[in-house]
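This report concerns only the one structure given below.
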Amino acid sequence: MTMKRQLKLVGNDDTDANAIKVAFATTDRKRVNQHFGAAEGFAIYRISASGYELLEVAQFGRLDMDGNEDKLGAKIEALTGCIAVYCQAIGASAIAKLRAQGIQPIKVAPESLVSSQLHALKRELRDGPSAWLKRAIEQQSPRSESRFDAMATEAWEE
C-alpha cells in the first residue's frame, strides 16, 4: 500500500497560457537528489517567462527501488498536469509510463539545484523554448480552431 501526503498551496492563479508545471524529485526542495522510482517526494512548480512559484509538495512512504511497480502509479498520478519531471535517474518502465501521460522525464546530474533548473526554464520560456519544451506546451494547450474552421461556422450573408 502506497502512502502519500500532499500539500497544495492556494493563491495566485497564473493565467499565462505559456505557464508550465514541472516536478522535481527531491527530499529538501533545494536539490534534485532522488531516483524517480524511489523518490520520497516531488516539489511541483508553475513556471512562466516572468517567474515561478511552488504549487505543491507530494511525499511518499519509503518503498523498495526495484521490483515494486505499484509505486509508479501514485507517483505518476501526483504529476498530473506536469509537462516534465526532473530526477537523478529513472528506469525504462517509468519512462514509458510517464511519456504515455505526456510527461517528459529529464535526468540531471546528482545534486543539481532546483533553483538553477527553474531559472533555466524561466529563461527558456522568455527567450524561446527548445524543441521538447515547445512540443510539451503545445500538447498541454487545447487545440484552437483554425481560421478556416472558424470561417466555416460563421453565418454567411446572402
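When a residue number appears, it is its place in the shown sequence, counting from 1. Atoms considered below: every heavy atom in the structure, side chains included; atoms not considered: hydrogens, waters and symmetry mates.
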Pairs involving residues 81-96, ordered by first then second residue, that meet salt bridge (charged side-chain N to carboxylate O under 4.0 Å, His left out) (sequence neighbours left out): none
Pairs satisfying ring pair (Phe, Tyr, Trp, His ring centres under 6.0 Å), at least one member in residues 85-109, at least two apart: F24-Y86
NZ on K75 to CD on E40, rounded to 0.5 Å: 8.5 Å
Qualifying residues under side-chain hydrogen bond (donor to acceptor under 3.5 Å, both in side chains), relative to D28, sequence neighbours excluded: T26, R31
Distance in Å, K30 NZ paired with E111 CD, rounded so as to fall on 0.5 Å steps: 13.0 Å
Non-hydrogen atoms of I47 and L125 that approach each other most closely: O-CD1, 3.6 Å
Main-chain N/O of G41 paired to Q34 side chain as donor or acceptor, under 3.5 Å: no
Side chain to side chain, Y45 and V114, heavy atoms closer than 4.5 Å: yes
Those residues that, when tested against F42, pass ring pair (Phe, Tyr, Trp, His ring centres under 6.0 Å) (two or more places apart): F36, F60
Test item: K107 side-chain N/O and I90 main-chain N/O as donor-acceptor pair under 3.5 Å: no
Any residue meeting side-chain contact (heavy atoms from CB on, under 4.5 Å) with C82, in chain and number order, not counting sequence neighbours: K21, A23, I44, L79
Euclidean distance, I95 CD1 relative to I103 CD1, rounded to 0.5 Å: 13.0 Å
side-chain contact (heavy atoms from CB on, under 4.5 Å) partners for Q104, two or more places apart: A84, R99, I106, W132
Salt bridge (charged side-chain N to carboxylate O under 4.0 Å, His left out) contacts in which one or both residues fall within residues 117-134, not counting sequence neighbours: none
Same cluster (ILVMFWY, side-chain, under 4.5 Å), L118 and L54: yes
L121 CG to S48 OG distance, which is reported to the nearest 0.5 Å: 11.0 Å
With sequence neighbours excluded, residues passing side-chain hydrogen bond (donor to acceptor under 3.5 Å, both in side chains) with Y52: H119
Test item: K97 side-chain N/O and L72 main-chain N/O as donor-acceptor pair under 3.5 Å: no
Pairs where residues 90-115 contributes a residue and the test ring pair (Phe, Tyr, Trp, His ring centres under 6.0 Å) is met, not counting sequence neighbours: none
